[in-house]
K.L.:
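Shown below is the structure under consideration.
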Protein chains: 2
Amino acid sequence: MNEVAEDVGEERPLRADAARNREKILTAASRVFAERGLDATLDDIAEAADVGVATVYRRFPDKDALVLALFEDAIDELAALAARAAASENSWEGFVSFLEVMLERQCDNRGLRDVFTGSPYAQERMEAAKQRIGPAFSALIARAQADGYLRSDVNEGDILAIEMMISSLGGAKGGDAALWRRYLAIALDGLVVRREWTRELPPSPSLEVIIAALHVSKGVHRPHAKPHAG
Amino acid sequence: MNEVAEDVGEERPLRADAARNREKILTAASRVFAERGLDATLDDIAEAADVGVATVYRRFPDKDALVLALFEDAIDELAALAARAAASENSWEGFVSFLEVMLERQCDNRGLRDVFTGSPYAQERMEAAKQRIGPAFSALIARAQADGYLRSDVNEGDILAIEMMISSLGGAKGGDAALWRRYLAIALDGLVVRREWTRELPPSPSLEVIIAALHVSKGVHRPHAKPHAG
DNA sequence: CAGGATCCGGAGGACATCGCTCCACTTGTT
DNA sequence: AACAAGTGGAGCGATGTCCTCCGGATCCTG
């Protein structure tokens, strides 16, 4: 528990409406960042919160502070989950379940994914937070390898890379399961030592779904669309 | 072979210096798009070509035309390669070799990757060009499945998705081989029916390399960096 | 319920970027 | 030499982003 832009102790309690607005801002920011990623404007967030931009800037000195308030704890929670997974009874299940948690959260939340790909917002603190996942993550992998589940010729960087590659497809749905479940299953079949330890593939998507997912995965900005072409 | 913004037949041969500049522009554009993706500015390209912006716009009516001139043939060549792979003796080798070609080109060329993720430049023609790969691609997969190499519970959308996910890591090098080779190998181990049909993993990268690759993979734009914070 | 501290909203300033054009000047060609 | 063809780069207009200003509304205290 840290205090980033929280009200600092008891120094000056917020006025009722201000506190209310602060919550509205956090709620809206959480939603907007999740949907559109960290590139979303504070203006966008203000609008979504049904609040003026100035109100946002009064409560959070800048975008970094807002990002920090929203994501630092989320990352620490992931670190805790990694630690729990590393201590789970079956090392393979721990390994898989942590990948699932990471993917689920990153795919549901473009903002979180942006944090992991190293977006420039609140960079230092975020980098530090991410490193707090490291030890448990390494342990998770080492144990799954020591127990003969995870192939021994991969390292933690590989797992990270694979996790990020899969999450790059975003949270698109094909059938009723998210696509990442399917590609995680395939990746695990490539990572596990014996295939029979893995599960069946989740339902398959249509080609259209894939293509749509690829289109959105690279961000949704249209680049200026020819202003005065006469 | 099409003529996009080429000199139209014999109608008006370009002046010597103009023709020279046209080549310089194409060369520079090819390099700049490959390095920085289709978001690169025509101003960037002009600078790289050591030529004024106007010269670029005189030779290519707009960015779309330049993109088209550079990438349409490249995509048609990929279609031809897909057809050749689909006709190769061993269907698994054909399948793998086509994936390798796609990945190699997309990782060496951010612009080409942008085309495949559906960038808005020259969209229609590019979409049409990409569809010309489709039939051979499907055949490739169907044959690898029919021959019992490729697992039967995946479809062409899956393969496309996997190919794009891997290429999202870009052409970063870890050791001396490009990273995509390693992750393609793992993916193939998850896709093949019997593991002994696949090769060993290419050399492993360090964690730093992976992290660096993730950082660049999402584009290199710094978002404004706090202009007047006083 | 008065009065002051606190907070609000949204217009807009400062700056950046991008696609593209204008036009005074230079160069190639005949 | 003469003229068409070509050149470069300042700069226009549109768009986008971060953040501030300030007249007015709102809350809380006494």
Side-chain angles (χ1 to χ4, degrees), chain A residues 5 7 11-25 28-29 32-33 36-67 119-122 219-230, chain B residues 5 7 11-25 28-29 32-33 36-68 119-123 219-230:
Chain A
D7 30 312
E11 299 207 2
R12 44 164 184 121
L14 281 181
R15 227 172 67 176
D17 54 344
R20 214 160 39 230
N21 279 336
R22 186 172 191 282
E23 284 316 305
K24 286 207 290 182
I25 290 166
V32 171
F33 279 147
R36 301 216 276 277
L38 295 189
D39 281 347
T41 310
L42 285 210
D43 292 56
D44 292 339
I45 288 167
E47 196 187 359
D50 201 32
V51 140
V53 222
T55 302
V56 177
Y57 279 97
R58 203 168 306 110
R59 223 41 71 199
F60 301 91
D62 54 22
K63 207 165 160 179
D64 285 355
L66 186 50
V67 168
S119 102
Y121 299 104
V220 199
H221 43 203
R222 70 224 108 239
H224 288 294
K226 295 200 189 185
H228 57 133
Chain B
D7 31 313
E11 298 207 4
R12 45 166 183 119
L14 281 180
R15 227 171 68 176
D17 54 343
R20 213 159 41 230
N21 279 336
R22 187 172 190 283
E23 284 317 303
K24 285 207 289 183
I25 291 166
V32 171
F33 279 147
R36 301 215 277 276
L38 296 189
D39 281 348
T41 310
L42 285 212
D43 292 56
D44 291 338
I45 289 167
E47 196 187 359
D50 200 31
V51 140
V53 222
T55 302
V56 177
Y57 280 97
R58 202 170 306 109
R59 224 43 71 200
F60 301 91
D62 54 20
K63 204 167 161 179
D64 286 356
L66 186 51
V67 169
L68 217 44
S119 102
Y121 299 104
Q123 199 158 21
V220 198
H221 44 201
R222 71 223 108 235
H224 288 293
K226 298 200 187 186
H228 57 135

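Here is how names work: the chains are called A, B, and so on, in the same order as the sequence lines, proteins then strands, and each is numbered from 1.
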K.L.:
Measuring to OP1 and OP2 of C/dC7, would you say a side-chain N or O of A/Asn21 lies under 4.0 angstrom away?
P.N.:
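No, A/Asn21 has no side-chain N/O under 4.0 Å of OP1/OP2 on C/dC7.
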K.L.:
Report yes if some heavy atom in the side chain of B/Arg22 is under 4.5 Å from a heavy atom in the side chain of B/Leu14; otherwise report no.
P.N.:
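SC-SC contact between B/Arg22 and B/Leu14 confirmed.
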K.L.:
Round to a whole Å and report the spacing from CG of B/Asp39 to C1' of C/dC18.
P.N.:
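Value for this atom pair: 11 Å.
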K.L.:
Are any of B/Tyr121's side-chain N or O atoms less than 4.0 Å away from OP1 or OP2 of C/dC18?
P.N.:
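Checking C/dC18 against B/Tyr121, no side-chain N or O comes under 4.0 Å of OP1 or OP2.
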K.L.:
What integer distance in Å separates A/Asp44:CG from C/dG10:P?
P.N.:
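Rounded to the whole Å, the gap is 15 Å.
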K.L.:
At under 4.0 Å, does any side-chain N or O of B/Arg59 touch on OP1 or OP2 of D/dT7?
P.N.:
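Yes, such a contact exists.
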K.L.:
Spell out protein contact along nucleotides 24-30 of chain C as letters: B when the base is contacted, S when just the sugar-phosphate is, - when no protein heavy atom is under 4.0 Å; keep the 5' to 3' order.
P.N.:
---BSS-
K.L.:
If I take atom CZ in residue B/Arg58 and atom P in nucleotide D/dA4, what distance separates them, rounded to the nearest angstrom?
P.N.:
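These atoms are roughly 17 Å apart.
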K.L.:
If I take atom CG from residue B/Asn21 and atom CZ from residue B/Arg15, how far apart are they, to the nearest 0.5 angstrom?
P.N.:
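If we round to the nearest 0.5 Å, B/Asn21:CG and B/Arg15:CZ are 10.0 Å apart.
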K.L.:
Contact between B/Lys24 and B/Val51 at the side-chain level, heavy atoms closer than 4.5 Å - yes or no?
P.N.:
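Yes; the side chains approach each other to less than 4.5 Å.
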K.L.:
Within a strict 4.5 Å, meaning less than it, do heavy atoms of the B/Phe60 and B/Leu68 side chains meet?
P.N.:
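No, too far: nothing below the 4.5 Å cut-off.
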K.L.:
In whole angstrom, give the distance that lies between atom CG of A/Leu38 and atom C1' of D/dT17.
P.N.:
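The answer, rounded to whole Å, is 15 Å.
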K.L.:
Separation of A/Asp50 atom CG from C/dC7 atom P, in whole Å?
P.N.:
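After rounding, the reported distance stands at 19 Å.
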K.L.:
Please answer whether the main-chain N or O of B/Ala65 pairs with a side-chain N or O of B/Asp62 as donor and acceptor at a distance below 3.5 Å.
P.N.:
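Pair found, side chain donor or acceptor close to backbone of B/Ala65.
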K.L.:
Which distance, rounded to the nearest 0.5 Å, do you find between the CD of B/Glu47 and the CD1 of B/Ile45?
P.N.:
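Interatomic distance, B/Glu47 CD to B/Ile45 CD1, rounded to 0.5 Å: 11.5 Å.
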K.L.:
Using whole Å, what does the distance between atom C1' of nucleotide D/dC19 and atom CD1 of A/Ile45 come to?
P.N.:
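Rounded to the whole Å, the gap is 14 Å.
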K.L.:
Can you tell me how far CG of B/Asp64 sits from CG of B/Leu38, rounded to the nearest 0.5 angstrom?
P.N.:
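The distance works out to 10.0 Å.
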K.L.:
Expressed in angstrom and rounded to an integer, what is the separation of B/Tyr57 atom OH from D/dA10 atom P?
P.N.:
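Nearest whole value for this atom pair: 16 Å.
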K.L.:
Rounded to whole Å, please give me the gap between CG in B/Asp62 and C1' in C/dC18.
P.N.:
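So the two atoms are 13 Å apart, to the nearest Å.
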K.L.:
From the list D/dA10, D/dG6, C/dC8, which nucleotide is the closest neighbour of the side chain of B/Val53?
P.N.:
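From the listed options, D/dA10 comes nearest.
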K.L.:
Check every strand shown and say whether A/Ala54 touches a base, only sugar-phosphate, or nothing at a heavy-atom separation below 4.0 Å.
P.N.:
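Base contact.
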K.L.:
From the list D/dT17, D/dT7, C/dC7, which nucleotide is the closest neighbour of the side chain of B/Thr55?
P.N.:
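The closest nucleotide is D/dT7.
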K.L.:
Using a cut-off of 4.0 Å on non-hydrogen atoms, how would the nucleic acid contact of B/Asp43 be classed: base, sugar-phosphate, or nothing?
P.N.:
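Base contact - B/Asp43 has a heavy atom under 4.0 Å of at least one base atom.
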